[in-house]
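Input: a single structure, listed below in structure tokens.
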Amino acid sequence: MITAQDWADTRRLWDYHQMGHAPHPCSVAIGLGSHDLGVADAAVDLYKRGMAPLLVFTGATSPTTRERMPRGEAVHYRERAFELGVPSSAVLVEPRARNTGENIRFSREVLEEAGVDVSSVLLISKPYEERRAYATARKLWPAVEIISASSPITLDEYVDSIGDARLVIDMLVGALQRLLIYPEQGFMISQQVPDDVIEAYERLCRQGFTSRLLLDDRGQALSQTRR
């Protein structure tokens, strides 16, 4: 059972994960691969609004996308963009990345090989991954301006689209844990996490929303350091 307090805590995490950036025209838009074709839809929408002249889709496959996207996340995103009317000349594909860091590094390599001069990036992810994507890109590509974006969707709409409320909460909790521990591992920049967000996260962990937490060798959740 998901209680009213659980939902209140989930909304607090949802709001924190979103950066609230206002999109503006950038050198390129990069769509980060995942199970969610909404990322491709958001990228196409931004392209059609004149926010970027070029789209890069990045991502291989993962255990959660292998069956749904057998040709790879980036390839399926590209196919979706073509269905929505984007010309092939406006799309590059990076098909190797298996995590957010590789998404950034490999996309940067693809753009350098294509001779694209990049000063700003519209970084498009799932709604609850905006902050993680931003923090990772700022660490690995500090010279460019990073604008985080995602589908304009509410938490309730997102839960309905996934069809599994508990899984969505687990994903939000897991994403928050990574924001806490990855800076110490050198994977992303550190960001201030408000106390009320930490408290909501800890309550959700105690309630058992833990399937997406990273564990140590003893099967315990990796420590979360307050920032």
Side-chain angles (χ1 to χ4, degrees), residues 17 28-48 52 54-114 116 121-130 132-134 136-137 140-141 148-153 155 157-175 177-178 182 187-188 209-215:
H17 282 308
V28 64
I30 299 177
L32 304 184
S34 72
H35 63 272
D36 188 353
L37 274 176
V39 174
D41 292 349
V44 170
D45 177 67
L46 290 164
Y47 169 82
K48 290 183 174 181
L54 179 67
L55 304 178
V56 176
F57 293 125
T58 167
T61 59
S62 70
T64 59
T65 63
R66 191 169 293 121
E67 291 187 4
R68 184 179 181 188
M69 300 180 180
R71 294 181 298 284
E73 297 155 6
V75 172
H76 281 266
Y77 278 17
R78 176 180 61 187
E79 292 170 354
R80 177 63 171 168
F82 291 168
E83 290 174 3
L84 296 174
V86 178
S88 60
S89 59
V91 181
L92 295 175
V93 166
E94 184 295 296
R96 298 180 295 143
R98 297 185 182 277
N99 57 56
T100 306
E102 290 184 351
N103 287 142
I104 303 304
R105 291 197 303 272
F106 295 165
S107 293
R108 185 175 180 180
E109 291 174 5
V110 165
L111 287 162
E112 289 173 352
E113 291 170 0
V116 179
V121 172
L122 270 171
L123 195 59
I124 306 161
S125 64
K126 300 185 293 295
Y128 65 88
E129 293 281 9
E130 276 194 19
R132 175 182 176 183
Y134 172 83
T136 304
L140 298 177
W141 207 352
S148 272
S150 64
S151 296
I153 190 171
L155 173 60
E157 290 168 339
Y158 191 75
V159 169
D160 287 343
S161 73
I162 298 298
D164 186 336
R166 191 170 192 91
L167 176 60
V168 171
I169 299 175
D170 284 353
M171 292 190 294
L172 291 170
V173 169
Q177 182 204 34
R178 287 156 177 78
Y182 275 1
F187 297 150
M188 62 175 62
F209 296 98
T210 57
S211 73
R212 294 306 177 100
L213 292 181
L214 298 173
L215 307 178

Which atom names give the shortest non-hydrogen contact between [X] and [Y], and what distance separates them?
X      : Y      : answer
Ile124 : Ala29  : CD1-CB, 3.9 Å
Ala137 : Leu123 : CB-CD2, 3.7 Å
Phe57  : Ala40  : CE2-CA, 4.1 Å
Ser151 : Gly38  : OG-O, 3.0 Å
Arg80  : Asp41  : NE-OD1, 2.7 Å
Leu122 : Ala149 : CD2-CB, 4.5 Å

Sequence neighbours excluded, the answer for side chain to side chain contact (heavy atoms under 4.5 Å, CB included) partners of Asp45 is Arg49
Minimum side-chain heavy-atom gap [X]-[Y] below 4.5 Å:
X      : Y      : answer
His35  : Glu73  : no
Phe187 : Thr136 : no
Ile30  : Leu111 : yes
Arg98  : Thr61  : yes
Leu32  : Glu129 : no

Between the side chains of Tyr158 and Ser150, does any donor sit under 3.5 Å from an acceptor? no
Quiz item: With a 3.5 Å cut-off and no angle check, do the side chains of Glu94 and Thr58 form a donor-acceptor pair?
Solution: yes
Distance (rounded to the nearest 0.5 Å) between [X] [atom1] and [Y] [atom2]:
X      : Y      : atom1 : atom2 : value
Leu92  : Leu55  : CG    : CG    : 9.0 Å
Tyr128 : Ile169 : OH    : CD1   : 12.5 Å
Met188 : Tyr182 : CE    : OH    : 7.0 Å
Ser125 : Glu130 : OG    : CD    : 5.5 Å
Ser107 : Leu140 : OG    : CG    : 11.0 Å
Gln177 : Leu172 : CD    : CG    : 13.5 Å

Item to complete: Decide, yes or no, whether a salt bridge links Arg96 with Glu109 under the criterion of side-chain N to carboxylate O below 4.0 Å.
Response: yes
Whether the side chain of Lys48 engages the backbone of Leu84 through a donor-acceptor N/O pair (distance < 3.5 Å, no angle test) should be reported.
yes
Short question: side chain of His76, backbone of Arg71 - any donor-acceptor pair under 3.5 Å? yes
Assess Arg166 against Phe209: is NZ or CZ under 6.0 Å from the centre of the six-membered ring, and within 45 degrees of the ring's axis?
yes
